[in-house]
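Report on the structure given below.
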Amino acid sequence: MTSEQKKPLIVIVGPTAVGKTSISVNLAQRFDGEIVSADSRSFYRGMDIGTAKPTLEEMRGIPHHLINVADPDEIWNLAIFQRRAYQAIDEIHDRGKLPFLVGGTGQYIRSIIEGWRIPPQKPDYNIREALTLWADRIGAEALHERLEAIDPAAAEKIDYRNLRRTVRALEVILKTGTRFSELRQKQTCPYHPILLGIDRPREELYERIDERIETMLAEGLVQEVESLIRAGFSPELPTFSAIGYQEILQYLQGNISLEEATLLIKRNTRIFVRRQANWFKPDDPRITWFQASENLVDQMETTIRRRLNDLNK
RNA sequence: GCCGAGUUAGCUCAGUUGGUAGAGCACGCGACUGAAAAUCGCGGUGUCCACAGUUCGAUUCUGUGACUCGGCA
């Protein structure tokens, strides 16, 4: 397949609370598009307020994919996302519509636009636990040395103090008999990605985050978490490691006050924004960046039209 | 007015038996291939309240002053 034959994929990236949701719905309306969400926390039903998931009204009739597709105890991940996103994008193309990949989970978006070949080994929680227990005895660094002995290339890319990633690499090697570094590949993106980034000054973003969190609390974030627990979902689920949920859980368990929880949510969201920015940098030549402004949607529309025309030449 | 405690990084504070100082948080930055809103890493020069004294040398000791917080009037 040559690059001329590849179909376009509009990709919209940007930090949380920058305004991606309403802008992408606007653009999708103008281009007869559909939206594929690339947001690791919007998969789960019942987690609406804390994830700032778009409401039906905000979607304004634009089909959204990969939102509300799992219960909180079905643990979705990168590989499942990638498979389902490819599928959703292909189906949108088949319908003759334009797909918009929109979201804040940088890793997921990169896996699509860079055509990652993810080591085909689904999580084995028993092995992970065993490896973790082993690390408790010998230390994370010693475990990393074991990895280095059998797969130096993988070990080199993983900090010896990062137990979780060391464990994953060993898990893959043990289960597949193949080096993690060999299974971890990049191919090319099956689509022609057109990347647009939205940004705002940090200070402004932080203000919007604080406001958004106050709104979440007013809209019943605490009740949302309570009802998930009441529905029988274990607080131990990785799903509840989401910002907003972990802190409210601490509050509900009586470990901290609601005020402390609120401060923590704000703080953790700010840290998250900085971490998010690592996936898409201002000097990334693949991305056309926009600062949030009045006529942002018009500007972005113009850019998309031009890029789509270039494709058809 | 008197007595006591305090004044050190944006904030909360530690510390220097006298040789110009360091934690947490904030903030900035980086890594990331089946938990990713996860996980992990890197980044600390600031009139040590001001002035004077002692001293080779004071943020540290002494004196005076300013301010803050308690208590008593």
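Each chain gets a letter, A, B and so on, in the order its sequence line appears, and its residues count up from 1. Note that the structure is a prediction, hence the values are computed from the model and not measured.
- Side-chain N/O atoms of Arg267(A) include one lying less than 4.0 angstrom from OP1 or OP2 on A26(B).
- Electrostatic pairing of Arg286(A) and Glu114(A) counts as a salt bridge here, judged by a charged N lying under 4.0 Å from a carboxylate O.
- At a threshold of 4.5 Å between side-chain heavy atoms, the hydrophobic network of Ile, Leu, Val, Met, Phe, Trp and Tyr places Trp289(A) and Trp279(A) in one connected group.
- Using a 4.0 Å heavy-atom criterion, one finds that Thr239(A) contacts no nucleic acid atom at all.
- Checked against G34(B), G41(B), C32(B), the side chain of Trp279(A) finds its nearest nucleotide in C32(B).
- Classification of Glu214(A) and Lys266(A) as a salt-bridged pair holds, one side-chain N sitting under 4.0 Å from a carboxylate O.
- Between U33(B) and Lys186(A), no contact under 4.0 Å exists linking OP1 or OP2 to a side-chain N or O.
- With both pairing distances under 3.5 Å, U33(B) is matched to nothing as a Watson-Crick or G-U wobble pair.
- When the side chains of ILVMFWY residues are joined at heavy-atom separations under 4.5 Å, either directly or via intervening members, Val25(A) and Leu196(A) end up in a single hydrophobic cluster.
- If you take CG of Leu163(A) and C1' of U39(B), they are 9 Å apart, rounded to a whole angstrom.
- Of the P atoms belonging to G44(B) and C29(B), the separation is 16 Å, rounded to the nearest Å.
- Of the P atoms belonging to U12(B) and U55(B), the separation is 38 Å, rounded to the nearest Å.
- In this structure, Arg41(A) forms no cation-pi arrangement with Tyr245(A), as its terminal cationic atom is not both closer than 6.0 Å to the ring centre and no more than 45° off the ring axis.
- Heavy atoms of Asn268(A) sit nowhere under 4.0 angstrom from any nucleic acid atom.
- Of all nucleotides present, none satisfies the Watson-Crick or G-U wobble test against U17(B) with each distance under 3.5 Å.
- Rounded to the nearest Å, the gap between the P atom of U17(B) and that of U60(B) is 13 Å.
- Distances shorter than 4.0 Å separate some side-chain N or O of Arg161(A) from OP1 or OP2 on C42(B).
- Comparing Pro119(A) and Ile243(A) by the nucleotide of RNA chain B whose heavy atom lies nearest to each, the residue mapping closer to the 5' end is Pro119(A).
- Base contact: Gly50(A) has a heavy atom under 4.0 Å from a base atom.
- Between Arg274(A) and G28(B) there is a side-chain N or O to OP1 or OP2 distance below 4.0 Å.
- When the C1' atom of A36(B) is taken as reference, atom CZ of Phe43(A) falls 10 Å away, rounded to whole Å.
- If you measure from atom NE2 of His144(A) to atom C1' of C32(B), you get 13 Å, rounded to the nearest angstrom.
- Here the P atom of nucleotide C32(B) and the CD atom of Glu114(A) are 10 Å apart, to the nearest Å.
- Comparing A9(B) with A23(B), their C1' atoms sit 11 Å apart, to the nearest whole Å.
- Comparing atom distances between the Arg83(A) side chain and each of U33(B), G34(B), A37(B) picks out G34(B) as nearest.
- Summarising the base pairing, A66(B) is matched to U7(B) through a Watson-Crick or G-U wobble pair whose two defining distances lie under 3.5 Å.
- A salt bridge links Asp159(A) with Arg161(A): at least one charged nitrogen is closer than 4.0 Å to a carboxylate oxygen.
- Using a 4.0 Å heavy-atom distance criterion, Thr105(A) is classed as a sugar-phosphate-only contact.
- At G34(B), one or more side-chain N or O atoms of Arg168(A) fall inside 4.0 Å of OP1 or OP2 (strictly under the cut-off).
- For the C1' atoms, the distance from G65(B) to G28(B) is 40 Å, rounded to whole Å.
- For A36(B), one of the phosphate oxygens OP1 or OP2 lies less than 4.0 angstrom from a side-chain nitrogen or oxygen of Tyr108(A).
- OP1 or OP2 of A35(B) has not a single side-chain nitrogen or oxygen of Tyr44(A) nearer than 4.0 Å.
- Look at G28(B): its Watson-Crick or wobble partner, with both distances under 3.5 angstrom, is C42(B).
- Note on Tyr245(A): nothing from the nucleic acid sits closer than 4.0 angstrom, heavy atoms only.
- When each of A37(B), A26(B), A35(B) is scored by its nearest atom to the side-chain atoms of Arg270(A), the top-ranked nucleotide is A26(B).
- Distance Met47(A) CE to A36(B) P: 11 Å, rounded to the nearest Å.
- Distance, Ile271(A) CD1 to C29(B) P: 13 Å, rounded to whole Å.
- Ile118(A) comes within 4.0 angstrom of a nucleotide base, judged by non-hydrogen atoms across all strands.
- Between the base of A31(B) and the side chain of Arg165(A) there is no donor-acceptor pair shorter than 3.5 Å.
- Between the CZ atom of Arg184(A) and the P atom of A31(B) there is a distance of 12 Å, rounded to whole Å.
- Within the structure, a side-chain polar atom (N or O) of Asn278(A) is placed less than 4.0 Å from OP1 or OP2 of A31(B).
- We find that CZ of Phe240(A) is positioned 16 Å from P of U39(B), with the value rounded to whole Å.
- Base pairing of U47(B) is not made with any nucleotide, judged by Watson-Crick or G-U wobble geometry with both donor-acceptor distances under 3.5 Å.
- Side-chain atoms of Phe290(A) and Val18(A), non-hydrogen and from C-beta on, never get closer than 4.5 Å to each other.
- Using a 4.0 Å heavy-atom cutoff across all strands shown, Gln185(A) reaches at least one base atom of the nucleic acid.
- Using C1' as the reference atom, U59(B) and U20(B) are 7 Å apart when rounded to the nearest Å.
- Within a 6.0 Å sphere centred on CZ of Arg212(A), heavy atoms belonging to other residues, nucleotides or ligands number more than 12.
- Here G1(B) sits opposite C72(B) as a Watson-Crick or G-U wobble pair (both hydrogen-bonding atom distances under 3.5 Å).
- The hydrophobic cluster containing Phe43(A) also contains Leu237(A), counting ILVMFWY residues as joined when their side-chain heavy atoms lie under 4.5 angstrom apart, directly or transitively.
- Here, G15(B) and G1(B) have their P atoms 32 Å apart, quoted to the whole Å.
- U60(B) is unpaired under the Watson-Crick or G-U wobble criterion, no partner having all donor-acceptor distances under 3.5 Å.
- The phosphate of G28(B) (OP1 or OP2) has a side-chain N or O of Arg202(A) nearer than 4.0 angstrom.
- For the pair Lys281(A) and C29(B), the criterion of a side-chain N or O lying under 4.0 Å from OP1 or OP2 is not met.
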